[in-house]
Each structure stands twice: as structure tokens, then as C-alpha cells.
Amino acid sequence: QVQLVESGGGPVQAEGSLRLSCAASGRTFDRPVMGWFRQAPGREREFVAAISWSGGRTDYADSVKGRFTISRDNAENTVYLQMNGLKPEDTAVYYCAADVRAYGFAYWSDYWGQGTQVTVSS
């Protein structure tokens, strides 16, 4: 009942910027917390950022704090990830997620988009 479609990924040079978008449809209103995860080849999927319904609460992985900003437009059912100061280690497939949940110190989700590739070259 939830569909997520990411866009905005692509190749970028180090220190460059990208803005990812996630268009959500279905019953997202009862799955309010949205977020972004990423997965590099040979590595497990990791949490990047999350945002509450109102946008009043956000959380970020330590590796992206100060560089990435998550936001949302509820009227358009869209979540964004503004990525500045990109580094080669940011290279990964980025996944939008709905109904993001906290498990102790970790985050996870059961609802994922198809992913969009971000490749940062030095």
C-alpha cells in the first residue's frame, strides 16, 4: 500500500552537490516517519537520515551531519535529501524509506524505494 520512487542520483565530483527526491504514494499518512538509507557494494545497508511528519524532528548519521539535509513537502508527498560537500565514501545506492523505526541506537524500515545510484569521483 506504499510506493516510493527515488530520483536525482547520478555522477558527481567530490565537494559537489546533489538533491535526491522521493515521491510517495499510498497510505503514507499512517506511516509518518520517512528517511533515507544507503548501501555500497559489499556493505550492509546503513541509515542516513530520518524526518518526522512535521519536519520538527530530524536525525542524521554521524558521517553526514553538517553536509546532508533531509526535508519534506507533505502537500506533494515528497521527501528530499540535499547532499552537499560530497565525498567518494558517499558513493552508494540511496534508498527512500517509509515508516522508519528506531531500534535502540539503530534505524530500519520495511518499506523501500527501488534506489538511485550516487557516484562521487575524486
Aromatic ring pairing Trp108/Phe37, orientation class (parallel under 30°, perpendicular over 60°, tilted between):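 Trp108 vs Phe37 ring planes: perpendicular.
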
Ile70-Tyr111 co-clustered via ILVMFWY side chain contacts under 4.5 Å: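 Linked, Ile70 and Tyr111 end up in one cluster.
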
Any idea which heavy atoms bring [X] and [Y] closest together, and the distance?
{"X": "Val5", "Y": "Gln114", "value": "CA-OE1, 3.6 Å"}
{"X": "Pro88", "Y": "Ser122", "value": "CG-CB, 4.0 Å"}
{"X": "Arg38", "Y": "Val64", "value": "NH1-CG1, 4.0 Å"}
{"X": "Ala49", "Y": "Leu81", "value": "CB-CD1, 4.3 Å"}

Geometric cation-pi criterion Arg72 and Tyr80, 6.0 Å radius, 45° cone: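 Ring-cation test returns no.
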
Within 45° cone of Trp112 ring axis and under 6.0 Å: Arg45 NZ or CZ: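 Yes, a cation-pi geometry holds between Arg45 and Trp112.
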
Determine yes or no for a side-chain-to-main-chain donor-acceptor pair under 3.5 angstrom, with [X] supplying the side chain and [Y] the backbone.
{"X": "Arg57", "Y": "Trp53", "result": "no"}
{"X": "Gln82", "Y": "Thr69", "result": "no"}
{"X": "Thr78", "Y": "Glu76", "result": "yes"}
{"X": "Glu6", "Y": "Gly115", "result": "yes"}
{"X": "Thr58", "Y": "Ala50", "result": "no"}

For Asp90, the option from Val48, Val12, Thr119, Val120 that meets side-chain contact (heavy atoms from CB on, under 4.5 Å):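 Exactly one pass, corresponding to Val120.
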
side-chain contact (heavy atoms from CB on, under 4.5 Å) between Tyr95 and Leu4, intermediate numbers included: CA-CA 9 Å; Tyr95 296 90; Leu4 306 170; over 6 Å; no

Side chains of [X] and [Y]: closer than 4.5 Å at any heavy-atom pair?
{"X": "Arg31", "Y": "Val2", "value": "yes"}
{"X": "Asp99", "Y": "Met34", "value": "no"}
{"X": "Thr116", "Y": "Val93", "value": "no"}
{"X": "Met83", "Y": "Tyr94", "value": "yes"}
{"X": "Val118", "Y": "Leu20", "value": "yes"}

Test log, rule side-chain contact (heavy atoms from CB on, under 4.5 Å), inputs Val100 and Trp36: CA-CA 9 Å; Val100 175; Trp36 291 91; over 6 Å; no

Going by distance alone, is a donor N or O of one side chain under 3.5 Å from an acceptor N or O of the other, for [X] and [Y]?
{"X": "Ser121", "Y": "Gln13", "result": "no"}
{"X": "Ser17", "Y": "Asn84", "result": "yes"}
{"X": "Tyr107", "Y": "Arg101", "result": "no"}

Worked verdict on Val33 versus Ile51 for side-chain contact (heavy atoms from CB on, under 4.5 Å): CA-CA 6 Å; Val33 181; Ile51 187 168; over 6 Å; no

Straight-line distance of Lys87 NZ to Arg67 CZ, nearest 0.5 Å: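 That separation rounds to 4.5 Å.
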
